Amino acid sequence: MTFDLIHTDSSTKARAGIMHTDHGPVQTPVFMPVGTVGSVKGVFHRDLRDDVLSRIILGNTYHLYLRPGTEILEQAGGLHRFCNWEGPILTDSGGFQVFSLADCRKLTEEGCKFRSHIDGSSHLFTPENVIDIQRSIGADIMMAFDECPPGDAEYKYAEKSLGLTHRWLERCFKQYRATEPRYGHHQSLFPIVQGCTYGDLRRRSAEFVQQFDAEGYAIGGLAVGEPAEVMYEMIELVNAVLPEDRPRYLMGVGTPVNLLEAIERGVDMFDCVMPTRNGRNGMLFTSEGIVNIRNLKWRNDFSPLDPALCSFVDSTYTKAYLRHLTLAGEMLAAQIASLHNLAFYTWLMRQAREQILQGTFSAWKPAMVEKLSRRL
RNA sequence: GGGGAGAUACCAAAGCGGCCAACUGGGGCAGACUGUAAAUCUGCUGACUUUCGUCUUCGUAGGUUCGAAUCCUGCUCUCCCCA
């Protein structure tokens, strides 16, 4: 994977670029829909490609390893062919599950012992086998196996955890270099900068990861409970250290406002479950602000979901109808909301890119943030 | 005509002398959700009050009792069975 940095905004750190993968180009800034088990919940690939205009999606090592398992994925010819997604795929390493499934795991130097959330069976993830699994999946971008500590972790724990993440990173790259792609297309490996909310640890981490001359770098361990301002501060600090000519990926973030703030600080890639999960739960992100579609006030509002009309559902269905479907528990409601939210996120990324290229980002962004913060 | 059962908040349904403004569902209203164990979870849902609390409620009219949704009597209505 190569990255062309096309333009950097003159007054902010915002960047526009293109990533070239063996599964096609990806313009940045980019939002990548999360398709944990090989499915972006509630959305057809066709709509993701042709309506949402997504160019890259995520899968998850932990989930795909447990089900359907690497054997099936290998028989299928990799995840791309298994789920029939022709664009690039990025897989998270399972590091986040080490955090989110904290109750059923045990961390050691070797790796992470954990119990399956599906059947309780015991498994071990190591930096080596997590790379192997991602080779079996065939992700265009593989993520290093890391520990993602909670947002309120104390310094001592954060420092210890960072040491472990760094040692694991060395093992990830060793395994990465000792193995080959299985399906003929190139696979990148992105290190993950950790360090919680401690500036010196973040800086240390951002410096450490560069020794691997990776094709891109990720910032992890943010939006895990710390205030947004602290997150922005960490991003700023890390991006000041990371190389300019590689894409920066802010993992798991976030709200539309988070995205714009991060873009302003030089982030190129994002993923988040928010558009799909919150969509399923009745929340719409729109160009005018946030809509809780279950609210009484929408009962007779027959206007489009979003005047920006970023998806076909926006002009096909009204707020009143979507409210009705949502309250009725219809699965179509979840599909419509998910599709809209994803389309809105990618629309927002295209807008940001356009503004960066035209040199108007710094004027456009604050007004947009103000709009996106509104609760309608 | 005779016999039996029952009437509880928006709906359904517990409660059967004080811990009851009243369990629990549903419905309704509102909130949460950030590298997906989430089509999930959390509140509120008689009135007034920010809280404490006060007031009015369990078909209806009386009665017993220190105290009643709960016990007694009349009335109204509903359902079931037999003729």
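Quick note: numbers below take in every heavy atom, side chains included, and nothing from hydrogens, waters or symmetry partners. Just so we're on the same page: letters track the sequence lines, and every chain starts at 1. Remember, it's a predicted structure, so these values are computed and weren't measured experimentally.
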* To do: Taking atom C1' in both rC44(B) and rA39(B), compute the distance separating them and give it to the nearest angstrom.
  => 23 Å

* **Residues in salt bridge (charged side-chain N to carboxylate O under 4.0 Å, His left out) contact with Glu159(A), at least two apart in sequence or another chain** => Arg204(A)

* Asked: Side-chain donor-acceptor pair under 3.5 Å between Tyr62(A) and Asp92(A), yes or no?
  -> no

* To do: Just grab all the ring pair (Phe, Tyr, Trp, His ring centres under 6.0 Å) pairs involving residues 349-376 of chain A, residues at least two apart or on different chains.
  => Phe361(A)-Trp364(A)

* Sugar-phosphate, base or nothing in reach of Asp146(A), heavy atoms under 4.0 Å -> base

* **Euclidean distance for C1', rC33(B) against rC11(B) (whole angstrom)** => 31 Å

* To do: Sequence neighbours left out, what pairs pass salt bridge (charged side-chain N to carboxylate O under 4.0 Å, His left out) with at least one residue falling in residues 214-227 of chain A?
  => none

* Structure fact -> Judged by nearest nucleotide, the residue sitting upstream toward the 5' end of RNA chain B, Ala228(A) or Ile118(A), is Ala228(A)

* To do: Determine the interatomic distance between P on rC71(B) and the same-named atom on rG15(B); round to the nearest Å.
  => 12 Å

* Identify whether any heavy atom of Arg375(A) sits under 4.0 Å from a base atom; if not, whether one sits that close to sugar-phosphate; answer base, sugar-phosphate or nothing. => sugar-phosphate

Acceptor/donor pairs from residues 274-281 of chain A side chains to any protein atom, 3.5 angstrom cut, sequence neighbours excluded:
from	atom 1	to	atom 2	distance (Å)
Thr276(A)	OG1	Val273(A)	O	3.0
Asn281(A)	ND2	Arg277(A)	O	3.4

* Sorted by first residue and then second, give each ring pair (Phe, Tyr, Trp, His ring centres under 6.0 Å) pair with at least one member in residues 268-304 of chain A; sequence neighbours left out. => Phe285(A)-Tyr345(A)

* **Any residue of residues 15-27 of chain A with a heavy atom less than 4.0 Å from an atom of RNA chain B** => none

* Answer yes when Arg15(A) and Asp268(A) have at least one side-chain N-carboxylate O distance shorter than 4.0 Å, and no when they do not. => yes

* Would you classify Gly329(A) as touching base, sugar-phosphate or nothing, given that sugar-phosphate means primed atoms plus P, OP1 and OP2, and contacts are heavy atoms under 4.0 Å? => nothing

* Asked: Do the side-chain N and O atoms of Asp9(A) and Thr12(A) include a donor-acceptor pair separated by under 3.5 angstrom?
  -> yes

* Just call it for Glu226(A): base, sugar-phosphate, or nothing, with non-hydrogen atoms closer than 4.0 Å on any strand. => nothing

* Say you pick atom P in rC72(B) and the same atom in rA7(B); how far apart are they, in whole Å? -> 14 Å

* Can you tell me how far C1' in rA68(B) sits from the matching atom in rG18(B), rounded to whole Å? -> 9 Å

* Can you tell me, in whole Å, how much space there is between the C1' of rU76(B) and that of rG25(B)? => 31 Å

* For residues 53-61 of chain A, which residues have at least one heavy atom under 4.0 Å from RNA chain B? -> Leu58(A), Asn60(A)

* Asked: Got a sec, which residues hit ring-ring contact (aromatic ring centres under 6.0 Å, His included) with His166(A), two or more places apart in sequence or on another chain?
  -> Phe208(A)

* Pro29(A) side chain reached by Met269(A) side chain, heavy atoms, under 4.5 Å -> no

* Determine whether Leu222(A) and Val209(A) fall in the same hydrophobic cluster, where Ile, Leu, Val, Met, Phe, Trp and Tyr are linked whenever their side-chain heavy atoms lie under 4.5 Å apart. => yes

* Indicate whether the side chain of His45(A) and that of Asn84(A) have a donor and an acceptor atom separated by less than 3.5 Å. => no

* Asked: Which residue pairs pass the salt bridge (charged side-chain N to carboxylate O under 4.0 Å, His left out) test when at least one of the two sits in residues 47-61 of chain A, sequence neighbours left out?
  -> none

* When you compare rC19(B) with rG4(B), how far apart are their C1' atoms, in angstrom units rounded to a whole number? -> 35 Å

* Any-strand Watson-Crick or G-U partner of rC71(B), both distances under 3.5 Å -> rG63(B)

* With sequence neighbours excluded, give me every salt bridge (charged side-chain N to carboxylate O under 4.0 Å, His left out) pair touching residues 113-132 of chain A. => Glu128(A)-Arg171(A)

* To do: For RNA chain B, find the residues of residues 263-292 of chain A with a heavy-atom distance under 4.0 Å and give them by number; none if there aren't any.
  => Asp271(A), Cys272(A), Val273(A), Met274(A), Thr276(A), Arg277(A), Asn278(A), Arg280(A), Asn281(A), Met283(A), Asn292(A)

* Could you measure between the two C1' atoms, the one in rC20(B) and the one in rA14(B), and give it in whole Å? => 12 Å

* **Opening and closing nucleotides of RNA chain B in contact with chain A, under 4.0 Å to non-hydrogen atoms** => rC29(B) to rU40(B)

